[in-house]
*Asks:* 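Structure provided below as structure tokens; questions to follow.
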Amino acid sequence: MKVHSLFVYPVKSLSGIEVTSFHTDDFGPVGDRRWMIVDDERRFVTQREHPELARVETQLDGDQVVINIPGEGEFGLTASNDELRVLVWRDWVKALAGLPEASDALSRFCHKPVRLVFMPDSSFRRVDAGRVDEYRRVGFADGFPFLVTNTASLAELNTRLEVPVEMRRFRPNIVVDGADAWDEDHWQSLSIGNNRLSIVKPCSRCVMTTVDPSTGLKDAAVQPLRTLSRYRRTGEGVIFGQNAIHESPGLIRVGEPVTVNQSE
């Protein structure tokens, strides 16, 4: 088994970036989902209600996140000193408002008032205490620092679909190659090079998996979610991939060996 591919998502619900390696810090992959979009009630905005956000590209220019909004152009994201509380799922989190130029352009693109906000190091959002006893943090990701998926599981799913889908539909951070399909259901602990990850929760999937990451359009047949729901439904939801936390900061590279330390 080895690392097939790696992805980071600088802005929650905008397009991700495929990379050959990433460093990790207390939050997870460095820079992953430290930015988020909120509405005028300071609630998080995602592709669930605005699938067109998939068309907003992200890139990294050194430490700065740059977004490319169709019809509007490129904007470097910079946090202001304007502090506010924002809601991501059930968590109210301290954030800093981004400078208005990018937010104004994104508002025009979404046809509603939105703001880009940044989670500073001084903000602390805890991972689900029901899953992780340690006092661990996460950025604006749905709940955990990492999502691990398996190329063989995607290949098996695609045998059931009329139109195959890409792994990008599932927005993983770490894609593993060389395992059998659905082996990840049983993993409890992994080593990736010198890094150790604990698998803490199956990832239940939502309508975002039906959004084509290239076009920003939802699939009219609700695929691949409809097919997944026929045979991957558990008490945790419709499952594809596994959420994980890491033991300590490090560096993860494409091609590094992956070892299952513990499984059930």
Side-chain angles (χ1 to χ4, degrees), residues 1 3-5 7 9 12-13 16 28 32-33 44 46-49 51 88-91 125-134 136 138 140-192 196-213 218-219 221-246 258-264:
M1 292 168 53
V3 176
H4 175 273
S5 47
F7 296 86
Y9 306 88
K12 184 177 181 67
S13 246
D32 189 72
R33 282 167 276 218
F44 72 125
T46 74
Q47 290 180 32
R48 294 168 181 85
E49 61 273 12
V88 52
W89 295 112
R90 294 174 295 177
D91 299 327
R125 177 181 174 224
R126 187 178 179 181
V127 301
D128 185 352
R131 300 284 182 171
V132 179
D133 292 335
E134 302 169 56
R136 298 295 300 275
V138 65
F140 287 129
D142 279 352
F144 298 92
F146 295 89
L147 175 62
V148 181
T149 61
N150 175 2
T151 58
S153 299
L154 178 65
E156 194 281 333
L157 169 62
N158 278 333
T159 66
R160 301 168 182 257
L161 299 174
E162 290 186 16
V163 180
V165 298
E166 301 175 68
M167 190 65 86
R168 289 193 299 157
R169 294 278 185 125
F170 299 98
R171 298 176 69 83
N173 297 110
I174 301 170
V175 183
V176 174
D177 191 41
D180 290 336
W182 313 117
D183 273 1
E184 66 273 22
D185 292 346
H186 307 290
W187 297 343
Q188 295 180 317
S189 175
L190 299 177
S191 288
I192 302 177
R196 192 178 180 96
L197 273 68
S198 296
I199 304 298
V200 294
K201 179 185 177 295
C203 186
S204 58
R205 311 313 305 222
C206 69
V207 70
M208 271 185 64
T209 60
T210 71
V211 178
D212 185 322
K218 286 183 179 178
D219 186 87
V222 200
Q223 296 292 7
L225 189 60
R226 176 170 288 169
T227 294
L228 274 174
S229 68
R230 293 177 184 143
Y231 74 115
R232 294 288 299 165
R233 186 179 294 279
T234 73
E236 300 277 3
V238 178
I239 302 304
F240 189 100
Q242 299 288 324
N243 293 117
I245 61 171
H246 55 316
V258 177
T259 303
V260 178
N261 300 318
Q262 188 176 354
S263 62
E264 59 181 11

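Quick note: numbers below take in every heavy atom, side chains included, and nothing from hydrogens, waters or symmetry partners.
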*Asks:* Starting at OG1 of Thr151, measure out to CG of Asn158 and round the result to the nearest 0.5 Å.
*Replies:* 11.0 Å
*Asks:* Could you tell me the separation between the OG1 atom of Thr210 and the CG atom of Leu228, rounded to the nearest 0.5 Å?
*Replies:* 11.5 Å
*Asks:* Mind listing the closest non-hydrogen atom pair of Arg169 and Pro224 along with its distance?
*Replies:* NH1-CD, 3.7 Å
*Asks:* Taking all heavy atoms of Arg131 and all of Val200, pick out the closest pair and write down the distance.
*Replies:* CD-O, 3.8 Å
*Asks:* Using only atom types and a distance under 3.5 Å, with no angle test, would you say the side chain of Asp180 pairs donor to acceptor with the backbone of Ala152?
*Replies:* no
*Asks:* What's the separation between atom CG in Asp212 and atom NZ in Lys218, rounded to the nearest 0.5 Å?
*Replies:* 13.5 Å
*Asks:* Give a yes or no on whether a salt bridge exists between Lys12 and Asp142, defined as a side-chain N under 4.0 angstrom from a carboxylate O.
*Replies:* yes
*Asks:* Let me confirm one number: the OG-CD distance from Ser263 to Glu184, rounded to the nearest 0.5 Å.
*Replies:* 12.5 Å
*Asks:* Quick one: OG on Ser13 to CD on Glu49, what's the gap to the nearest 0.5 Å?
*Replies:* 7.5 Å
*Asks:* What are the two closest non-hydrogen atoms of Tyr9 and Asp32, and how far apart are they?
*Replies:* N-OD1, 2.8 Å
*Asks:* Within the supplied structure, the quantity of interest is the number of heavy atoms (other residues, nucleotides, ligands) at a distance under 6.0 Å from Glu264 CD; does it exceed 12?
*Replies:* yes
*Asks:* Checking the side chain of Arg136 only, and the main-chain atoms of His246 only, is there a donor and an acceptor separated by less than 3.5 Å?
*Replies:* yes
*Asks:* Does the side chain of Thr234 come within less than 4.5 Å of Pro202's, by heavy atoms?
*Replies:* no
*Asks:* Can the positive tip of Arg160 be found less than 6.0 Å from the middle of the six-membered ring of Tyr231, inside 45° of the ring normal?
*Replies:* yes
*Asks:* How far does CD1 of Ile239 sit from CH2 of Trp182, to the nearest 0.5 angstrom?
*Replies:* 10.0 Å
*Asks:* Apply side chain to side chain contact (heavy atoms under 4.5 Å, CB included) to Phe7 and Leu147, showing your working.
*Replies:* CA-CA 10 Å; Phe7 296 86; Leu147 175 62; over 6 Å; no
*Asks:* In terms of side-chain heavy atoms, does Gln242 have a donor or acceptor partner in Trp187 at a distance below 3.5 Å?
*Replies:* no
*Asks:* Which heavy atom of Val132 sits nearest to which heavy atom of Arg126, and what is that distance?
*Replies:* O-NH2, 3.9 Å
*Asks:* Quick one: do Val165 and Gln223 satisfy side chain to side chain contact (heavy atoms under 4.5 Å, CB included)? Show the steps, please.
*Replies:* CA-CA 9 Å; Val165 298; Gln223 296 292 7; 5.9 Å; no
